[in-house]
Amino acid sequence: MRLPRPALIATATATAAAALLLSPNGAVADPTPRPASQPAPPVREGSGAYDDRAAARAPESTTDRALTTPVTELTDGTGTAGGTRGYPREQVLTPDPVNPADKSIKLGLTPYHAIAPKLNALQRLGDRVSVEVAGRSAGGHRLYLVTVTAPESTRQARAQERMRELIENGPSAAAKDPSVKRTYKTPVFFNNNIHGNEWEGTDAALKLIEKLATAQDRTTTDLLARNRVYFNITANPDGRIAGTRANANGFDLNRDFVTASQPEVRAMRRIAIDKQPAVMVDLHGYVNGTLIEPTTPPHGENYEYDLFLKNTYANALGMEAAVNGLGYTPGKDGVEPAQIPFRDQEEGWDDWPPIFTPQYMPFHGAVAAHTVEFPMAVNNDEYDDLPVAELRRRSAINVAIAGAAMRASLDYTQANRTSLIADQIEVFRRSVTGAAQVPVSPETVPGVPGIGPEDVYTTDFPRAYVIPAGAKAQRSATAAARLVDHLLANDVQVRRATKDFRLAGKTYAKGSYVVDLRQPKRGMANVMLADGRDISDKVSVMYDISGWSLGRLWGATVDTVRTSKLSVPGRAVHEAANVGYVAPRGALRLRLDDAREIAALNSLLADGVSVRRAADGSAIVPASARAKAVALAKKYDVAFDATKATGTAPLHRVRVAAAVTPGELFALREMNFDVTPVSTAILNAGFDWSRTDVLFASAGLNHAGLDTAARAALDAFLDREGLVGRGAAGAALNAAAGLLAVKPVEGNGDANGVVRVVNSAGGVTSGAPDHGFVYAPLWFTDLGPGVRVEQSYAAGNPLVSGHWRALEDGSGGPAQAAGRASVVSGPHAVLFGTEPLFRDHPKGQFPQVARALLTVS
């Protein structure tokens with residue numbers, strides 16, 4: 001579910017923004033049906049009441065599973081890679097134990113444990129249905145990809161794969177190949193239940209699969225002869241079972257596509273790459289009337305938006321007709337007519353960030369991609385408060401509407417398959433040839449009403465990006481290797497220089513990585529590595545994050561190259577070169593500039609190794625721990641260099657009590673901290689502070705909400721130990737405890753993006769990247785005695801990319817933050833006004849929090 005926003009007058013925007021200061025968690029739809037002409041008031045993710053138990057419920061095992069689960073080929077149960085066998089690819093799935101607590105049951109929908117038996121039965125209906133296991137969720141549940149198509153021999157399947165590769169990598173040849181036009185099957189992808197408590201897409205998919213498996217009419221047989229239809233049955237089984245929006249790690253999977261920190265998202269990424277859908281539909285709830293993308297501005301500047309809008313709008317019209325054609329009415333059923341944001345709204349439902357499934361898929365060739373929100377709310381309060389009969393009535397309506405949307409998309413695909421594939425080919429042709437994007441206009445996208453200058457978003461693609469090699473060129477070789485591996489995982493082509501070379505007036509060392517943007521996935525490469533754009537003046541409000549540059553936020557040095565010629569001696573790589581290293585003799589120095597280096601340090605400390613802090617903030621490891629260092633260098637791909645330094649203060653294993661968001665909890669565990677989640681409720685129930693060294697607080701802990709005993713215990717702990725706080729909640733706790741004499745100033749609560757920062761030497765931000773990330777930014781003034789400025793927002797306009805406006809009264813904007821302290825510290829506290837652990841995303845910022853925890857403790 002994404003909640004639409006109407007165009008808002010400035011006063012309403014300012015009022016809403018000033019109130020929205022909680023860390024992003026989960027949005028809740030307004031359940032009251034209302035006409036499309038009277039849309040719901042603006043609600044952004046995180047504006048609802050924070051569930052202070054959310055992070056505490058995420059078990060450590062789910063973090064470990066998310067971090068260690070490999071990305072595998074799709075498997076049909078035989079161990080054979082998915083692209084090498086024909087269809088059907090049938091397998092008998094082992095049933096899951098019956099779970100009477102599955103939240104789907106109350107709604108009359110299919111519980112997760114019934115899915116495997118249902119898929120077994122569907123495969124037995126004939127030779128059209130195949131099931132593959134796409135991976136496992138964070139909670140350990142299988143993810144099922146179902147393919148419905150006419151039977152194919154192994155030879156025919158391999159021919160399809162050759163044509164798919166030709167479309168991507170040889171688009172000019174594909175455009176001229178008659179076999180592609182004649183025999184290539186259009187890939188269509190339906191993604192269901194990515195938000196666990198938006199259930200009905202799964203049930204609609206199962207019904208549609210059964211119909212396609214058994215129907216003998218000419219329309220169906222022609223459809224399956226000329227198309228492959230893929231269904232991700234439930235993208236979030238953890239949430240489906242538990243009735244939660246998020247997975248077992250507390251992650252909203254429909255915000256994770258840039259980072260792909262969760263295994264479910266990595267599975268969807270694999271499907272996107274392997275199947276290369278031309279059409280995809282992501283099924284959600286609940287917006288009344290049914291909301292069908294395309295979206296309002298701003299539109300992602302890295303898409304071939306003219307081709308995308310042409311097909312997405314046309315398919316939306318067909319879905320709208322099919323949904324409205326079901327005959328539901330406001331008076332009889334409480335169902336409003338469907339709406340298309342591009343046509344019916346001015347702003348507030350944008351496709352700017354590639355964190356959502358339909359905004360990620362176009363980079364892999366989707367030329368029609370949609371979020372569809374069915375109308376009748378059955379989750380959250382409705383789930384708890386409405387009678388079962390009413391819930392089931394609503395769910396049945398949603399299943400019917402989801403089915404109508406899917407069937408309409410298949411009709412559109414069948415009627416337009418030739419032009420859809422031609423448009424997909426054109427996406428890749430523009431990319432590999434370096435062709436300019438085509439701005440949308442009534443002339444370039446005929447048939448789409450209302451196109452105006454507010455819809456025109458394009459970018460000037462550079463020629464290439466270089467990720468330099470060498471200790472002097474990189475802040476962190478580990479971060480650079482991770483970034484390269486991430487690009488490769490997203491199907492971005494990367495080359496590694498085999499000799500020193502010179503490019504655009506700069507010399508680069510052998511081993512540097514080059515990302516040539518004349519490649520099929522140039523949009524993907526650019527969306528990850530470019531700075532992005534400050535779009536604050538374009539619209540009054542954004543739905544979610546507006547800046548995300550991995551080039552700035554992951555701790556690696558990335559150079560932009562705008563030369564016209566690119567001649568670099570090199571070879572294509574399939575993984576980054578290992579940078580793990582251990583000096584052969586003497587004491588060892590471990591830098592602490594990357595999350596993996598922090599994880600390696602914490603592993604040493606957990607094993608009782610005597611580690612000391614160096615003057616530059618790195619860790620000095622004794623020669624006696626070389627064997628452990630060798631194992632950790634391999635595990636985390638980090639370097640232990642030789643050193644003659646002896647270090648100063650000893651470092652100790654830090655036990656962290658964490659009142660944080662699920663994303664922050666995940667990041668802390670990723671860095672191998674010993675973490676115990678806490679909240680207001682947990683402290684009121686009684687908490688043993690003797691097993692904790694430091695409190696990290698950003699959400700879910702309200703000092704005023706503590707009972708007398710819990711408040712006294714917390715205050716006593718903070719008096720003798722310390723606090724690391726983030727955001728408004730952390731600052732409020734600091735004020736209540738009287739630790740740092742500072743005045744926190746809250747910026748616009750809607751503001752988010754990549755910002756320029758200035759780091760102070762020798763502190764918790766020493767050596768940190770000169771860019772940070774903010775969401776509802778905070779800064780500190782009126783600094784009292786003993787308060788040290790660790791980091792400040794840069795002068796001028798600190799926002800590099802994203803959306804950050806001042807409020808109507810002129811406060812809360814980037815001009816007011818410029819030059820102000822963004823991170824401050826004292827003897828027993830460090831406070832962050834930035835978002836250094838946001839959704840496990842700005843990985844280059846993680847060490848700032850780690851250093852703060854080590855320093856305060």
Side-chain angles (χ1 to χ4, degrees), residues 467-485 509 511 553-558 576-607 609-623 625-626 628-654 667 670-673 759-772 790-791 836-837 842-855:
I467 302 172
K472 294 182 179 179
Q474 280 292 344
R475 178 183 298 107
S476 169
T478 295
R482 180 181 55 234
L483 179 57
V484 169
D485 281 335
L553 296 178
W554 274 34
T557 301
V558 180
N578 293 332
V579 299
Y581 168 77
V582 178
R585 60 184 64 86
L588 304 170
R589 173 179 175 264
L590 174 66
R591 296 176 60 171
L592 301 179
D593 296 330
D594 186 83
R596 292 179 180 173
E597 292 164 343
I598 301 295
L601 168 66
N602 279 328
S603 182
L604 289 169
L605 295 174
D607 285 344
V609 176
S610 177
V611 182
R612 304 185 73 85
R613 187 194 305 271
D616 63 0
S618 60
I620 306 302
V621 180
R626 180 167 281 99
K628 293 183 184 294
V630 169
L632 293 172
K634 182 177 181 180
K635 179 177 180 179
Y636 294 112
D637 203 27
V638 298
F640 290 83
D641 298 313
T643 183
K644 294 183 179 180
T646 57
T648 54
L651 291 168
H652 301 284
R653 178 75 161 155
V654 177
E670 184 176 342
M671 290 186 286
N672 205 15
F673 278 102
N759 297 306
S760 301
V764 299
T765 65
S766 180
D770 55 5
H771 289 74
E790 298 283 354
Q791 183 190 85
L837 304 182
K843 292 183 180 293
Q845 322 301 305
F846 288 11
Q848 297 177 35
V849 173
R851 287 177 182 231
L853 294 170
L854 291 166
T855 299

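None of the values given here were measured: they were computed from a predicted structure. Throughout, residue positions are numbered sequentially from 1 according to the sequence presented. Atoms considered below: every heavy atom in the structure, side chains included; atoms not considered: hydrogens, waters and symmetry mates.
- Between Ile620 and Val611, every side-chain heavy-atom pair lies at or beyond the 4.5 Å cut-off.
- Looking at Asp641 and Arg591, no side-chain N of the basic residue comes within less than 4.0 Å of a carboxylate O on the acidic one, giving no salt bridge.
- Lys628 contributes atom NZ, which lies 8.0 Å from atom CG of Leu604 (distance to the nearest 0.5 angstrom).
- Remark: Asn672 CG to Ser603 OG distance equals 5.5 Å, nearest 0.5 Å.
- For the residue pair Pro769 and Gly844, the shortest heavy atom distance occurs at CD-O, 3.5 Å.
- Between the CG atom of Leu592 and the CG atom of Leu651 there is a distance of 7.5 Å, given to the nearest 0.5 Å.
- The structure places CG of Leu553 at 8.5 Å from NE2 of His771, a figure rounded to the nearest 0.5 Å.
- The two residues Pro650 and Arg612 come nearest to each other via the heavy atoms CD-NH2, 3.9 Å.
- A salt bridge links Asp593 to Arg851: one of the charged nitrogens lies within less than 4.0 Å of a carboxylate oxygen.
- A side-chain donor-acceptor contact under 3.5 Å links Asn602 to the backbone of Met671.
- Smallest separation of non-hydrogen atoms from Ala623 and Gly586: CB-O, 3.4 Å.
- The CZ atom of Arg589 sits 15.0 Å away from atom NZ of Lys644, with the distance rounded to the nearest 0.5 Å.
- No donor-acceptor pair closer than 3.5 Å links the side chain of Asp607 to the backbone N or O of Val609.
- For Thr643 (side chain) and Leu588 (main-chain N/O), no donor-acceptor pair under 3.5 Å exists by modelled atom type.
- In this structure, the side chain of Arg626 engages the main chain of Arg585 through a donor-acceptor pair within 3.5 Å.
- One finds a salt bridge joining Glu670 and Lys843 here, because a Lys/Arg side-chain nitrogen approaches an Asp/Glu carboxylate oxygen to under 4.0 Å.
- Taken to the nearest 0.5 Å, the CD1 atom of Ile598 stands 11.5 Å off from the CZ atom of Phe846.
- Counting all heavy atoms, side chain and backbone alike, Ala629 lies closest to Phe640 at O-CE1, 3.5 Å.
- Between Ala595 and Pro847, the closest heavy-atom pair is N-CG, 4.0 Å.
- Not one N or O on the side chain of Arg653 forms a donor-acceptor pair closer than 3.5 Å with the backbone of Leu605.
- Remark: the backbone N or O of Gln848 is not paired with any side-chain donor or acceptor of Thr765 at under 3.5 angstrom.
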(request) With side chain to side chain contact (heavy atoms under 4.5 Å, CB included) as the test, would you mind laying out the steps for Glu597 and Ser476 before giving the verdict? (result) CA-CA 10 Å; Glu597 292 164 343; Ser476 169; 4.3 Å; yes
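- Of all non-hydrogen atoms in Leu590 and Ala639, the two that sit nearest each other are CD1-O, 3.7 Å.
- A heavy-atom distance below 4.5 Å is found between the side chains of Val558 and Leu483.
- A distance-only check finds no donor-acceptor pair linking the side chain of Asn759 to the backbone of Ser766 [under 3.5 Å].
- Ionic pairing of Asp594 and Arg482 is present here: one or more N-O contacts between side-chain nitrogen and carboxylate oxygen are shorter than 4.0 angstrom.
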